[in-house]
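See structure below.
Both ligands and their constituent atoms are indexed starting at 1 by order of listing. Please read these numbers as outputs of a predicted model, since none were measured by experiment.
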Amino acid sequence: MTDPATGRRLELAGNLAAVQRRVEKACAAAGRAPSEVTTIVVTKTFPVSDVRLLAGLGVRDVGESRDQEARPKALACAASSGTPEAGLRWHFVGRLQTNKAASVAGYADVVHSADRVKLVRPLAAGADRAGREVGCLVQVSLDDDPTRGGVRVDGVAEVADAVAAAQGLRLLGLMAVAPLASDPAAAFERLAEVSRALRASHPEATWVSAGMSADLEQAVAAGATHLRVGAAVLGSRPPLG
Ligand SMILES: *Cc1c(COP(=O)(O)O)cnc(C)c1O
């Protein structure tokens with residue numbers, strides 16, 4: 001009989017391999033090298049035991065979307081010194097409340113959801129307090145739907161300038177979630193255009209975080225450098241409350 005942890009490990013390994021094959025195929029179709037694309041495994045709602053199994057399977061980047069869940073998971077992994085999970089890079093991909101920003105900057109390596117100037121000061125304060133540098137992506141709204149987060153395209157430069165000027169924060173690039181109601185390929189092409197425009201003034205801002213389980217192929221085709229993949233690796237999750 002296999003114990004449950006072994007079964008889960010095999011399941012995650014199989015799912016990871018399937019996602020890796022999808023990424024390789026999409027890269028081949030786009031004439032890109034798979035090394036240009038980093039897959040971040042989004043572990044929200046799943047237990048820290050899954051995070052540890054993923055780290056053991058070679059995953060280096062994990063994503064979370066709520067501070068109250070992410071903080072204890074990140075701190076538990078960091079405390080397991082000498083293990084693969086202690087070396088994970090933590091990505092915060094969810095909507096960020098202003099009063100949680102300083103906390104998130106205490107453990108996140110990269111915050112994907114910087115979408116307003118008001119977040120910059122608490123993020124920088126949290127980074128400073130923890131004595132670390134935090135990478136930031138400006139989240140762009142491609143459909144102006146206020147419930148999904150993101151700054152409108154015409155506000156990107158202002159947020160990017162504020163991040164770039166802040167001590168302890170490093171501007172890395174842009175993030176977007178494809179709008180529900182439209183073609184993800186068109187949305188990701190639009191994001192690529194916004195990225196080109198941003199790099200004219202911030203050449204260091206090279207990351208494009210786009211693409212999830214359902215649309216990673218379209219994101220790779222449009223030039224995404226980082227994919228945020230949850231369900232395709234971990235299985236379906238209960239809806240977030
Ligand atoms: C949950 C989440 C993901 C992962 O979505 P899947 O469809 O499970 O791959 C990616 N990005 C963000 C911002 C998320 O909140």
Worksheet item: Is the closest basic N to carboxylate O distance between E11 and R8 below 4.0 Å?
Response: yes
Worksheet item: Counting each atom of ligand 1 from 1 as listed, which ones have a heavy atom of R237 under 4.0 Å away?
Response: 1 (C), 5 (O), 6 (P), 8 (O)
Worksheet item: Looking at ligand 1, does any of its N/O atoms fall within less than 3.5 Å of an N/O of G230?
Response: yes
Discussion item. Is the shortest side-chain heavy-atom distance between D50 and P47 below 4.5 Å?
Written reply: yes
Discussion item. If you count every heavy atom of other residues, nucleotides or ligands that lies below 6.0 Å from Q167 atom CD, does the total exceed 12?
Written reply: no
Fill in: Atoms in ligand 1 with a heavy atom of V229 nearer than 4.0 Å
9 (O)
Fill in: Carboxylate-amine/guanidinium contact E193 R190, below 4.0 Å
yes
Worksheet entry | Contact check: V93 vs ligand 1, nitrogen or oxygen atoms, below 3.5 angstrom | no
Worksheet item: How are the rings of H112 and H91 set relative to one another: parallel (under 30°), tilted (30 to 60°) or perpendicular (over 60°)?
Response: perpendicular
Worksheet item: Hey, which atoms in ligand 1 end up nearer than 4.0 Å to a heavy atom of A231?
Response: 6 (P), 8 (O), 9 (O)
Worksheet item: If you count the atoms of ligand 1 from 1 in the order shown, which ones are under 4.0 Å from a heavy atom of R228?
Response: 4 (C), 9 (O), 10 (C), 11 (N), 12 (C), 13 (C)
Worksheet, complete the sentence: Exactly one candidate in R71, R66, K73 meets side-chain hydrogen bond (donor to acceptor under 3.5 Å, both in side chains) with E69; the answer is K73
Item to complete: Heavy-atom distances under 4.0 Å are what count here, so tell me which part of K44 touches ligand 1: side chain, backbone, both or neither.
Response: side chain
